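Order of listing sets the numbers, starting from 1, for every ligand and every atom in it. The model shown is predicted, which means the values in this text are computed figures rather than measured ones.
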Amino acid sequence: MNALREALQIWYKNHQRDLPWRHTQDPYHIWLSEIILQQTRVDQGLPYYVKFTQAFATVADLALASQQEVLNLWQGLGYYSRGRNLHATAQQIVRDFDGVFPRTYQELLKLKGVGPYTAAAIASFAFNLPHAVVDGNVFRVLSRYFGIDLAINSTEGKRQFELLASELLDSANPALHNQAIMEFGALQCKPVSPNCMDCPVQESCQAFRTDSVAVLPIKVNKVKVRKRYFVYHIIVDPFQNLAFSKRGPKDIWEGLYEFPLKEFDQLQSFQEYVSNKEMIGAKFKHILTHQHIEAYFIKSAYNEPNPSKHQFLCLADLETHPIPRLIDKFLIAHRHELF
Ligand code: SF4
């Protein structure tokens, strides 16, 4: 641990980028830089940092600005909720902390939009408090150097990496240490093509020794979104009842009622199937957490598909027969076109 700590700090002194927020210990400026750099590259965020610090010299100045002024300055940076949060947090500091930036990790966490990473960054960079930052760069360096194949986006992985980052922290120089490991991850131990051949810790790096640099860090796969294409058949019997089927187990909407369904997994066959049919309404899109459904509703003759497979219900029966939200939305929009 000691050797890595020292190597990171020496490397940092020789390779760090000259960035304006590294020349200040003002928590307001450090917070501004951290919020601006979330989901934003340094070269893209830099001019915004300069604009904001010039327009609003203190957190009170920012709090007094109108939201429109703040959003005008934010324009082009994207993720506008961050701009709105920035303004709201400045107002929170004026309102709840008398305009003085909180000085402890726990109090920093009370600020809107400040999570563990940002609180650790402000606590260490502004107040030199011993809190380890753990961002994507730190995860990568730790995972590779120590050869840890726990997924960095799993609960257990996050816990272990946070513990390790705290153990590795140089408590005497937390600001320098945190800057060093983050910069090392950003410039040396990069996600793609890390500079292993000219790395000061190459000899003790587990990933390098075991030829696993390219596979670390591990991330568990996000669940893939499944696309589904539904064609619902609107079949009306001679008594103005509609055909329904009850959905079976091991799929979404188990036990709910829907119109007779033909499902496709390919967009092309789905579109071909409906191309010469009489549709009711336009295509419906329905988004579930891991499934995106597109659905058409088409008119079908009473004898097709086989009506004996279905249950015929009048609309009033739906009070006691639960239906998926997709069917409900369709009925709200088009019930007058069914008969
Ligand atoms: S040897 Fe490569 S993988 Fe290991 S710390 Fe250095 S740059 Fe990262």
Colleague: How are the rings of Phe101 and Tyr28 set relative to one another: parallel (under 30°), tilted (30 to 60°) or perpendicular (over 60°)?
Modeller: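 It falls in the tilted class, 30° to 60°.
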
Colleague: Using 0.5 Å steps for rounding, measure from the CG atom of Leu62 to the OG1 atom of Thr89.
Modeller: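 Nearest 0.5 Å value for the CG-OG1 distance: 9.0 Å.
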
Colleague: Less than 6.0 angstrom separating the ring centers of Phe284 and Phe297, yes or no?
Modeller: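 Under 6.0 Å, so yes.
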
Colleague: Assert yes or no for the condition that the ring centre distance of Trp74 to Tyr48 is strictly below 6.0 Å.
Modeller: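 Ring centroids of Trp74 and Tyr48 are no less than 6.0 Å from each other.
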
Colleague: What are the protein N, O or S atoms, given as residue plus atom name, that sit under 2.8 Å from atom 4 (Fe) of ligand 1?
Modeller: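 Short answer, with waters excluded from the count: Cys205 SG.
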
Colleague: Should Arg247 and Asp251 count as an ion pair when the cut-off is N to O under 4.0 Å?
Modeller: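 Salt bridge present between Arg247 and Asp251.
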
Colleague: Would you please name every residue forming a salt bridge (Lys or Arg N to Asp or Glu O under 4.0 Å) with Lys277, sequence neighbours left out?
Modeller: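 For Lys277, no residue satisfies salt bridge (Lys or Arg N to Asp or Glu O under 4.0 Å) once neighbours in sequence are set aside.
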
